[in-house]
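As structure tokens, the structure follows; a few thoughts come after it.
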Amino acid sequence: MSVATASSPLVPAEHIVRGACPHDCPDTCALRVTVRDGVAVKVGGDPDHPPTHGALCTKVSRYPERTYHPERVLTPLRRVGRKGEGRFEPISWEAALAEIAQRLQAIAARDPQAILPYSYAGTMGLLQGEAMAGRFFHRLGASLLDRSICANAGGEALAGTYGAKIGMHLEHFAEAKLILIWGSNSIASNLHFWTFAQQAKRAGAKLVCIDPRRSETAEKCHEHLALRPGTDGALALALMHELIGHELLDADYIARHVAGFDALRAEALQWPPERAAAVCGLPAEVIRALAQDYGRSPAAAIRLNYGMQRVHGGGNAVRLIALLPCLTGAWRRRGGGLLLSASGWGRPHVAPDLQRPGLLAGRQPRTLNMSTIGDDLLHEGSPAFGPRVEAVIVYNSNPVAVAPDSARVAAGFAREDLYTVVLEHFLTDTADHADIVLPATTQLEHRDIVLSYGHTWVMANAPAIAPLGEARPNTRIFRDLARAMGYDEPCFADDDETLARQALPGLDQDALWRQGWLRLPVPEQPLADGGFPTPDGKARVLGPGDAWGVPTHVPPHESADSAPALAARYPLAMISPPARHFLNSSFVNVKSLRSIEGEPVLEMHPDDAAARGIVDGARVRVWNDRGVHRCKAVVGPRARPGVVNGLGIWWRKFAADGTNVNQLTSQKLTDIGRGATFYDCLVEVAAEAGDEPADAAAPGHATRAAATGALQPD
Ligand SMILES: Nc1nc2c(c(=O)[nH]1)N[C@H]1C(S)=C(S)[C@@H](COP(=O)(O)OP(=O)(O)OC[C@H]3O[C@@H](n4cnc5c(=O)[nH]c(N)nc54)[C@H](O)[C@@H]3O)O[C@H]1N2
Ligand SMILES: Nc1nc2c(c(=O)[nH]1)N[C@H]1C(S)=C(S)[C@@H](COP(=O)(O)OP(=O)(O)OC[C@H]3O[C@@H](n4cnc5c(=O)[nH]c(N)nc54)[C@H](O)[C@@H]3O)O[C@H]1N2
Ligand SMILES: [Mo]
């Protein structure tokens, strides 16, 4: 859909194309792309789009800089150097497709499960995500991928409790009287929510941030509870203890709309504020006061985000927090309730066979977990595991930078006998390990439909410009690969316009493409009178089919309480939340944004720094049994005592020592959902000048930079 804005009556020199931000972010903004003579000159927000109202984040307003980046991969490439070295020669599409097809066919003839797709939400688009890729891998019979790296613990916990991943309307936060911003740095990662929170604040609402880090958001709230990482479940139980003790419950709502309350009551009564205070590292009176505020507020809203579920007990913590508005009946008020994810409003509209699971034709391939890709690539194969992974096709993800325990991940991708194909815009840390890199289009160059997990609109993205160089949309690449493999099912002929029509069969396509977005049919106050999408319409304390038992506080894998011997060697807890000007590892190579972030940093509390003789700006070494990462210390109030914050997610090759924070994170999984536990990680820190302790010589800490020379930041 384009609107002429200037000049010639026949071919407007400048026009605007409606788009949708593809990035993994709850905001999913409506874009207006200004195109002049075939070139996208500006990407702005659309002021008419209600949830995002024309404002864009700094990152995406630089989208043309990313699209026209001089280092875009614009032809297929074949590796000529060693794996990880990043040396390639251009080859033709024809040669690339023929080689890939031949390699995959040879592996598939033995066992197609030895081939693994690896993808996440580099684009959240339904088309450039899994629409054609899914068809390809289903037809092949490749291993399935459990896409667990971000939201599985919280997502499964929420759906297990409410029946689906649903919550309040984003806009209703403006009417709240109390907002708990729980495990979220909204200013960095959910900017448009923050606008509504500010409206509420101006109307007298109190804002409370619950986060170990004094984030940009925490410092702008009325109160900040800097709890220890992974202790949110204990805090929620103590809040319940107080709500019960002071009769701040909505007995009617509980009786009609909550199943299993008695068991929860018994558990919560085990958690007086003093007990939680000791676990969370907070004063008991702060917990008591928060319970009073929450229980007495005329409209209490919780903006929960995924930051708090990247720990062992993340699933149980989300279950407990999700039950809070059910105990107080906060759902009855427009400005009350909870939002973790809204994706359950949109997903049911997606055609169930868009990815053609029927092409599996009765085969049941194994599932590998993307959060343990390091171990899985290094696995020799066994009857329980299945065949050794012989080929990986990576798209929409950068696992060598973003997956935990990256020494193991990089070692896996460095296997000479692994055949790796990466569909990318850039030579990322992962693409550097590819045998073949295929050039993919960006959002300005292809068609897509994007669902949001933070609001209730579905968004359309029309291509604004022609593909640059020889880049092709993911959809086309998988269509081309299917043809090269000899797959002749008609579904492999569907073009992007056809896929778009198939994707959301029940919705008004014309209105979607005309306007650029469509409001999903979501009730105004969906849970005001119960009606949870569970079999009996009630919220479930005990999980689906009562299978999960009573929710409780599950301590971190790595903490002084749960692993005292480990904590004696590694006394600091490390979290690694996103840096504001990056989007996971995307945009790290956009110079204007990288220069704002500077270099990889570790935030430390002044007491922890002083105890180690570390001053602000010092070079430090951060280590544990998994590896060593070197970066710059930022000593100040952002870190609480005992916790260090290593902001993510840098490309390894931009760091002086060729590592990023994931050199330290573990492949251990969450209690529910088999998710990654990035924020459940003990470390020690020392000034770089000091003697390196013996246990720093961890396996795999020899770096790519040392081996090949790190890419110099330009
Ligand atoms: N600018 C920017 N925006 C992003 C992203 C990005 O990389 N950069 N990433 C996007 C993605 S992939 C996602 S999943 C979303 C959601 O992103 P989230 O992962 O929810 O990211 P944040 O909003 O930064 O929230 C994480 C916050 O949780 C805090 N935290 C860490 N551990 C704990 C804990 O145990 N308890 C509590 N209460 N808090 C904890 C961190 O200090 C941080 O402030 O954001 C998206 N938006
Ligand atoms: N330490 C630590 N690690 C983390 C996190 C953390 O908080 N701390 N956060 C985790 C979370 S929440 C997430 S979601 C993951 C995110 O991890 P990923 O999903 O891997 O996200 P990105 O790092 O942004 O990498 C996406 C890649 O996809 C590419 N891409 C984008 N669009 C397209 C396209 O249309 N076609 C193709 N072929 N490629 C495209 C981009 O160029 C980019 O390199 O990281 C996780 N890792
Ligand atoms: Mo994420």
Residues [X], [Y]: salt bridge by 4.0 Å N-O rule:
X	Y	value
Glu489	Arg356	no
Arg483	Asp488	no
Glu71	Arg66	no
Glu99	Arg78	yes

request  = Answer with yes or no after comparing the ring centroid distance for Phe137 and Phe478 against a 6.0 Å cut-off, counting only values under it.
outcome  =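 Yes, the ring of Phe137 comes within the 6.0 Å limit of the ring of Phe478, centre to centre.
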
ask   = Given the side-chain rings of Phe532 and Tyr162, with only the six-membered ring counted for Trp, is the space between their centroids under 6.0 Å?
value =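 Ring centres of Tyr162 and Phe532 closer than 6.0 Å.
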
Could you measure the distance from the [atom1] atom of [X] to the [atom2] atom of [Y]? Nearest 0.5 Å is fine.
X	Y	atom1	atom2	value
Tyr118	Phe413	OH	CZ	7.0 Å
Gln364	Leu144	CD	CG	9.5 Å
Ile477	Ile393	CD1	CD1	11.0 Å

inquiry  = Tell me if the CD atom of Glu470 is crowded by more than 12 foreign heavy atoms within 6.0 Å.
reply    =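 Yes.
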
task = Only pairs at least two apart or in different chains count here, so list each ring pair (Phe, Tyr, Trp, His ring centres under 6.0 Å) that has a residue in residues 362-388.
result =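 As it turns out, the ring pair (Phe, Tyr, Trp, His ring centres under 6.0 Å) pairs with a partner in residues 362-388, which skip direct neighbours, are His379-Phe385.
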
ask   = Can you check whether Met485's main-chain N or O pairs, donor with acceptor, with Gln105's side chain at less than 3.5 Å?
value =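 Between the backbone of Met485 and the side chain of Gln105 there is a qualifying donor-acceptor contact (under 3.5 Å).
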
inquiry  = Applying the side-chain hydrogen bond (donor to acceptor under 3.5 Å, both in side chains) criterion to Asp494, which one of Arg135, Arg501, Arg479 satisfies it?
reply    =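 Of the listed options, the one satisfying the test is Arg135.
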
